[in-house]
Amino acid sequence: MHIRPIRNEDITAVAALIQSLASEFILHETPPDLAASFLAGNSPQALRQHIEQGYIYHVADDDAAIAGVIGMRDCQHVFHLFVGKPWQGRGLSRRLWDAGRRAAMDAGGTPPFTVNASNYALHAYESLGFMRTAPMALKNGIRFNAMAWQAR
């Protein structure tokens, strides 16, 4: 498994991975119109726009498929962290988090790093050292948990 910066040819597969996992694990609690808006905000075009705006993306690939992705916004916020179902539970989220955090710090980011974790991903983020900073919230039909990671 290789962790590397995203390439243009990865964008369609990354968007498909995000949309598929979000549909299964996040959007099942969301009204259809708001779910459609979320999916549109994670299209290949939207990912290209994020990259153009300076978001830092890394992917995990196994030479056959994109297994996971991390995207950091403003060198401070985990905007995306998704791992495909066949690769979940194998430490890939930690490897992606380590790569994303290092890249953010190399670009000037400093802890604390933040994330808005879905209910499904809450325990995964806790295992990475994130701690809740507020009760679960709801915005645009999406339930999330504000969390922060501080170096110990």
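Nothing fancy with the numbering, it's 1 onward along the sequence.
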Handout entry: Pairwise side-chain contact, D62 with W87, heavy-atom cut-off 4.5 Å (strictly under)
Key = yes
Practice task
Dump the intermediate steps for side chain to side chain contact (heavy atoms under 4.5 Å, CB included) on S43 and Q19, then the final yes or no.
Solution key: CA-CA 8 Å; S43 68; Q19 290 179 336; 4.3 Å; yes
Practice task
Quick one: pull up CZ in R95 and NE2 in H58 and give me the separation to the nearest 0.5 Å.
Solution key: 12.0 Å
Practice task
Write down the atom of H77, the atom of N116, and the distance for their closest heavy-atom approach.
Solution key: CE1-N, 3.7 Å
Practice task
Would you mind reporting whether Y57 and H50 have side-chain heavy atoms less than 4.5 Å apart?
Solution key: yes
Problem - Test side chain to side chain contact (heavy atoms under 4.5 Å, CB included) applied to M1 and R90, step by step - result: CA-CA 11 Å; M1 186 71 57; R90 299 181 183 188; over 6 Å; no
Problem - Test item: F82 and I26 side chains (from C-beta on) under 4.5 Å apart, heavy atoms - result: yes
Problem - L128-L96 co-clustered via ILVMFWY side chain contacts under 4.5 Å - result: yes
Handout entry: Separation of I6 CD1 from I70 CD1 (nearest 0.5 Å)
Key = 12.0 Å
Handout entry: Close side-chain approach of L34 to I142, heavy-atom, < 4.5 Å
Key = no
Exercise for the section: Using atom types as modelled and distance alone, determine if a side-chain donor or acceptor of Q76 lies under 3.5 Å from a backbone N or O of T110. Expected result: yes
Problem - Qualifying residues under side chain to side chain donor-acceptor pair (under 3.5 Å), relative to E126, sequence neighbours excluded - result: H123
Fill in the blank from the handout: When every non-hydrogen atom of V83 is compared with those of S93, the smallest separation belongs to CG2-OG, 3.4 Å
Practice task
Report whether V69 and V115 are members of the same hydrophobic cluster (ILVMFWY, side-chain heavy atoms less than 4.5 Å apart, transitive linking).
Solution key: no
Handout entry: hydrophobic_cluster_shared for L39 and Y55, side chain cutoff 4.5 Å
Key = yes
Exercise for the section: Before accepting this row, confirm whether a basic side-chain N of the pair R101/D98 lies closer than 4.0 Å to the acidic partner's carboxylate O. Expected result: yes
Fill in the blank from the handout: When W97, F79, F130 are each screened for ring pair (Phe, Tyr, Trp, His ring centres under 6.0 Å) with F113, the one that passes is W97
Fill in the blank from the handout: Of T12, I18, L17, the one forming a side chain to side chain contact (heavy atoms under 4.5 Å, CB included) with V14 is I18
Handout entry: Y120 with L92, same ILVMFWY side-chain cluster at under 4.5 Å
Key = no
Handout entry: Check against side chain to side chain contact (heavy atoms under 4.5 Å, CB included), F38 and L27
Key = CA-CA 8 Å; F38 179 92; L27 300 177; 3.8 Å; yes
Exercise for the section: Find out whether R4 and D10 are in side-chain contact, i.e. whether some heavy atom of one side chain is under 4.5 Å from a heavy atom of the other. Expected result: yes
Handout entry: Heavy-atom check, side chain of M147 versus side chain of T133, under 4.5 Å
Key = no
Exercise for the section: Evaluate the side chain to side chain contact (heavy atoms under 4.5 Å, CB included) criterion for residues R7 and V59: first the C-alpha distance (whole Å), next the side-chain angles of each, then the deciding distance (0.1 Å), finally the verdict. Expected result: CA-CA 9 Å; R7 295 185 278 221; V59 297; over 6 Å; no
Fill in the blank from the handout: Closest heavy-atom pair, A107 versus C75, reported as atoms and distance to 0.1 Å, is CB-SG, 3.5 Å
Exercise for the section: Would you kindly say whether N119 and R143 are connected by a side-chain donor-acceptor distance under 3.5 Å? Expected result: no
Practice task
Return yes when atom CE of M131 has more than 12 non-hydrogen atoms of other residues, nucleotides or ligands closer than 6.0 Å, and no otherwise.
Solution key: no
Handout entry: Cluster link I56 to L47, ILVMFWY, side chain under 4.5 Å
Key = no
Practice task
Compare all side-chain heavy atoms of I11 with those of I51 and state whether any distance is below 4.5 angstrom.
Solution key: yes
Handout entry: Validation row: Q53, Q49 side chains within 4.5 angstrom (heavy atoms)
Key = yes
